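Since the structure comes first, as structure tokens, the remarks are kept for the end.
Read the numbers this way: they start at 1 and go in the same order the structure lists the ligands and their atoms. These figures come from a predicted structure and were not determined experimentally.
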Amino acid sequence: MTTLVFASNNAHKLEEIRSILGSKFVIKSLKDIGCDADIPETADTFRGNALQKAKYVKEHYGYDCFADDSGLQVECIDNLPGVFSARFAAKYAAEFGIDADTLGDSKDLRNMECLLRRLNSIGAFDGGRTPKACFRTSVALIYNGEEHFFDGTVEGHIVADKRGNGGFGYDPVFVPEGYDKTFAELGNEVKNSISHRARAVAQLADFLCKE
Ligand code: IMP
């Protein structure tokens, strides 16, 4: 079986990736290879950040490796949070005139609240409207000395109130196209069959199977 490092320690993502790649590959995490570095993600695109992480592992640990970078893009706010999805509240709350201390306890909650308040403040939910959004993932793979990219998108919209307990990040406010439940309500099985990450990783798996 082919062994690859997935340059992440995010338990949710590792679980998703391992369930998608099934038994075809042994996927090691950063922890599995003894890497506890805070790998920089300073690019301004998903692809750029993914490649930065994969290169770091290749250069420092020598393993063939893939890394992903994902985020939510909401059309009516210039595709924010985008590459700032993980630190949206920390970066933008003040700029939006929002008191960051009132957003909630967890980082996920603060980011979602920041997004909902921003969308409310510009009237994006007025008249029951649901702003158009998508999740995007770019995967960068370094394999046999070459760089490859795989992109996945899931289109949908943002709802004004958080719903559901599953998933992570912005899942409670994102409803994928063709469904009336949020990712957090749909559960892992459905999410893993249609998600941005699933779509990018499916291409990665197709590529690796042909190698
Ligand atoms: P990452 O850089 O791929 O870790 O993703 C950055 C941020 O985007 C995460 O911290 C989440 O806030 C958000 N995100 C990425 N993928 C998902 C998802 O599948 N559901 C909800 N939020 C996500």
Quick one: nearest non-hydrogen protein atom to [atom], plus distance?
| atom | result |
| --- | --- |
| atom 1 (P) of ligand 1 | Lys13 NZ, 3.2 Å |
| atom 8 (O) of ligand 1 | Ser85 CB, 3.2 Å |
| atom 15 (C) of ligand 1 | Ser70 CB, 3.6 Å |
| atom 20 (N) of ligand 1 | Asp171 OD1, 2.6 Å |
| atom 23 (C) of ligand 1 | Phe135 CE2, 3.5 Å |

Working to the nearest 0.5 angstrom, can you tell me the gap between [X] [atom1] and [Y] [atom2]?
| X | Y | atom1 | atom2 | answer |
| --- | --- | --- | --- | --- |
| Leu51 | Asp69 | CG | CG | 11.0 Å |
| Asp44 | Asn49 | CG | CG | 8.0 Å |
| Glu113 | Ser106 | CD | OG | 10.0 Å |

Please confirm whether [X] comes within less than 3.5 Å of ligand 1 when only nitrogen or oxygen atoms on both sides are compared.
| X | result |
| --- | --- |
| Asn111 | no |
| His196 | yes |
| Tyr170 | yes |

Report the part of Phe168 in contact with ligand 1, treating N, CA, C, O as backbone and CB onward as side chain, heavy atoms under 4.0 Å; options are side chain, backbone, both, neither.
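Both backbone and side chain.
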Could you check Asn111 against Tyr92 for side-chain contact (heavy atoms from CB on, under 4.5 Å), going step by step and ending with a plain yes or no?
CA-CA 9 Å; Asn111 287 333; Tyr92 279 98; over 6 Å; no
Run the numbers for me: atoms of ligand 1, each under 4.0 Å from some heavy atom of [X], listed by number.
| X | result |
| --- | --- |
| Gly71 | 8 (O) |
| Lys191 | 18 (C), 19 (O), 20 (N) |
| Asp69 | 1 (P), 2 (O), 3 (O) |

Check this for me, if you would: do Lys31 and Asp36 make a salt bridge, where the nitrogen-to-carboxylate-oxygen distance has to be below 4.0 angstrom?
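Salt bridge absent between Lys31 and Asp36.
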Who passes salt bridge (Lys or Arg N to Asp or Glu O under 4.0 Å) against Asp68, sequence neighbours left out?
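Scan of Asp68 (salt bridge (Lys or Arg N to Asp or Glu O under 4.0 Å), adjacent residues dropped) gives Lys13, Arg197.
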Which other residues belong to the hydrophobic cluster containing Tyr63, where Ile, Leu, Val, Met, Phe, Trp and Tyr are joined when side-chain heavy atoms lie under 4.5 Å apart, directly or via other members?
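Members other than Tyr63 - counting any ILVMFWY side chain reachable under 4.5 Å - are Val5, Leu30, Ile33, Ile39, Tyr56, Val57, Tyr61.
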Cation-pi, Phe46 ring and Arg136 (6.0 angstrom, 45 degrees):
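No cation-pi geometry.
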